[in-house]
2 protein chains.
Amino acid sequence: MNNKQELPWDNPRFRNWVAVARACHSVERALAGALAPLDLKPAQLDVLMNLYRHPGMSQHDLARKLLVGRSNITMLLPQLENRDLLRRESDGKDKRVLRLSLTPSGEALLMDALKVYMGLLDKVMEQSTPAECDLLGEQMRRVAEALKVE
Amino acid sequence: MNNKQELPWDNPRFRNWVAVARACHSVERALAGALAPLDLKPAQLDVLMNLYRHPGMSQHDLARKLLVGRSNITMLLPQLENRDLLRRESDGKDKRVLRLSLTPSGEALLMDALKVYMGLLDKVMEQSTPAECDLLGEQMRRVAEALKVE
DNA sequence: TGTTTATTGTTCATGCTTGAACTATCATGT
DNA sequence: ACATGATAGTTCAAGCATGAACAATAAACA
């Protein structure tokens, strides 16, 4: 009756997910270092990326996209707004919401940051074929989906 | 000359890594919620897991394993020690280091927490075959390795 | 031996994230 | 129109993680 027989480390899901978490953590920290010269942090880059793809977003929608509290957005945006990287314009129809969009300099900084990010990912995923890479993304999208609605 | 042609979102590595990061974030938050009844946080679970597998570790080694600063460990351990989940015993040969090990109740709590963790992973990775799962882990170990030595 | 350098763990100030309470605005239903 | 409830954003206190500076100890070497 050795309980090691049922240890999670013998389970593929567990063992491999631990690797996912570690890799994610490593990349996050490496990204933070690589973005430092741009005076940008990963969380701020996430904001810029989402505003680039979804201009006119509200803060609430942005918070949901980033899986983060609304108050976090409130604390995050003024820094970027003061650096003239994004605009917050109040919606004409609903005076509660603020519509977010990148300024040209915000877009320019985003492009620089994305080059940095891509450089890091190219180095880090060098050994994965495009097919493996797509399979990876597919699994991860399923994982995120499984946690979405609940 | 549309710069969208070279946007990172068209690049498999970028697009799929974004999915990895999002999934990781989701699982982390779901795990935090699932562990709440045990009054345990993901970072604390990481500590218990590592001490279970590597009893007698020093705080420095633990910090490196967890990809975290030493001061973080210093702030993290007293909570767990006060709950009688782990012991810190000074090394006889080197009076600087503290040897860490789980107490029986620490091990018991770890087992409970692992059941919770496994339950979450089973739900979340339900759609991935063992082979896919292993490939996933293999890629992630390569990613972590690529960031290791530098 | 004595001096210099490295390493372990701690302390502390800083910044980030969270969740709860709050205000202002809109939507619903009577 | 009016009451009720829902939603967007803010404020605030609390908890975590970080990195720099520090004390104690060990290692390297003259």
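The analysis underlying the following values was restricted to heavy atoms, covering all of them including side chains, and did not include hydrogens, waters or symmetry mates. Just so it is clear, the model here is predicted, and its values are computed rather than measured. Residue numbers begin at 1 in each chain, while the letters A, B, ... track the order of the sequences.
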ILVMFWY network linking B/Leu98 to B/Leu85, side-chain heavy atoms under 4.5 angstrom:
no

Between B/Asn72 (CG) and C/dT10 (P), how many Å, whole number?
12 Å

At a 4.0 Å cut-off to heavy atoms of chain A, the contacted part of DNA chain D spans D/dA6 to D/dG19

Looking across every strand, which nucleic acid part, if any, lies under 4.0 Å from A/Ile73 by heavy atom: base, sugar-phosphate, or nothing?
nothing

What residues, two or more places apart in sequence or in another chain, satisfy salt bridge (Lys or Arg N to Asp or Glu O under 4.0 Å) together with A/Arg87?
none

Checking A/Lys95 against A/Ser90 for the side-chain contact (heavy atoms from CB on, under 4.5 Å) test, could you report, in this order, the C-alpha distance in whole Å, the side-chain angles of both residues, the deciding distance, and whether it holds?
CA-CA 6 Å; A/Lys95 291 177 191 167; A/Ser90 108; 5.7 Å; no

So, using salt bridge (Lys or Arg N to Asp or Glu O under 4.0 Å) as the criterion, who are the partners of B/Glu81 when residues are at least two apart?
B/Arg88

Should A/Val47 and A/Leu67 be regarded as members of a common hydrophobic cluster, given that ILVMFWY residues are connected when their side-chain heavy atoms come within less than 4.5 Å of each other, either directly or indirectly?
no

Short N-O contact, B/Lys93 and B/Asp91, less than 4.0 angstrom
no

Within residues 57-71 of chain A, those residues having any heavy atom closer than 4.0 Å to DNA chain D are A/Ser58, A/Gln59, A/His60, A/Arg70, A/Ser71

Under the rule for salt bridge (Lys or Arg N to Asp or Glu O under 4.0 Å), what residues qualify as partners of B/Arg29, not counting sequence neighbours?
none

Those residues of residues 92-103 of chain A lying under 4.0 Å from DNA chain D by at least one heavy atom:
A/Arg96, A/Val97, A/Leu98

Would you mind listing every side chain to side chain donor-acceptor pair (under 3.5 Å) that reaches into residues 66-79 of chain A, with sequence neighbours excluded?
A/Gln44-A/Gln79

I need the CZ-C1' distance between B/Arg88 and C/dT10, as an integer number of Å.
10 Å

Would you say B/Met125 and A/Leu135 are hydrophobically clustered, going by side-chain heavy atoms of ILVMFWY under 4.5 Å?
no

Counting only heavy atoms and a strict 4.0 angstrom limit, can you tell me which residues of residues 35-50 of chain B come near DNA chain D?
B/Lys41, B/Ala43

Step by step, would you call B/Leu40 with B/Arg83 a side-chain contact (heavy atoms from CB on, under 4.5 Å)?
CA-CA 11 Å; B/Leu40 210 59; B/Arg83 288 169 66 184; 4.1 Å; yes

Hey, quick one: are A/Leu38 and A/Leu77 part of the same hydrophobic cluster, counting side-chain heavy atoms closer than 4.5 Å, chains of contacts allowed?
yes

Without decimals, in angstroms, what is the distance between B/Leu76 CG and C/dG9 P?
14 Å

Residue pairs passing the ring pair (Phe, Tyr, Trp, His ring centres under 6.0 Å) test with at least one member in residues 76-108 of chain A, sequence neighbours excluded, are none

Separation of C/dC16 P from B/Arg29 CZ (nearest whole Å)
18 Å

Shared ILVMFWY cluster between A/Val116 and A/Val27, side chains joined below 4.5 angstrom?
yes

Using the side-chain contact (heavy atoms from CB on, under 4.5 Å) criterion, which residues pair with B/Arg64? Sequence neighbours excluded.
B/His60

Stem list for DNA chain C, please, built from Watson-Crick and G-U wobble pairs under 3.5 Å and keeping only runs of at least 3.
C:1-30 with D:1-30

Show every donor-acceptor pair shorter than 3.5 Å between a side-chain atom in residues 14-22 of chain A and any protein atom, with sequence neighbours excluded, or say none if there are none.
from    : atom 1 : to       : atom 2 : distance (Å)
A/Arg15 : NE     : A/Trp9   : O      : 3.3
A/Asn16 : OD1    : B/Arg141 : NH2    : 2.8
A/Asn16 : ND2    : A/Pro12  : O      : 2.9
A/Asn16 : ND2    : B/Cys133 : O      : 3.2
A/Asn16 : ND2    : B/Asp134 : OD1    : 2.9
A/Arg22 : NH1    : B/Lys65  : O      : 2.5

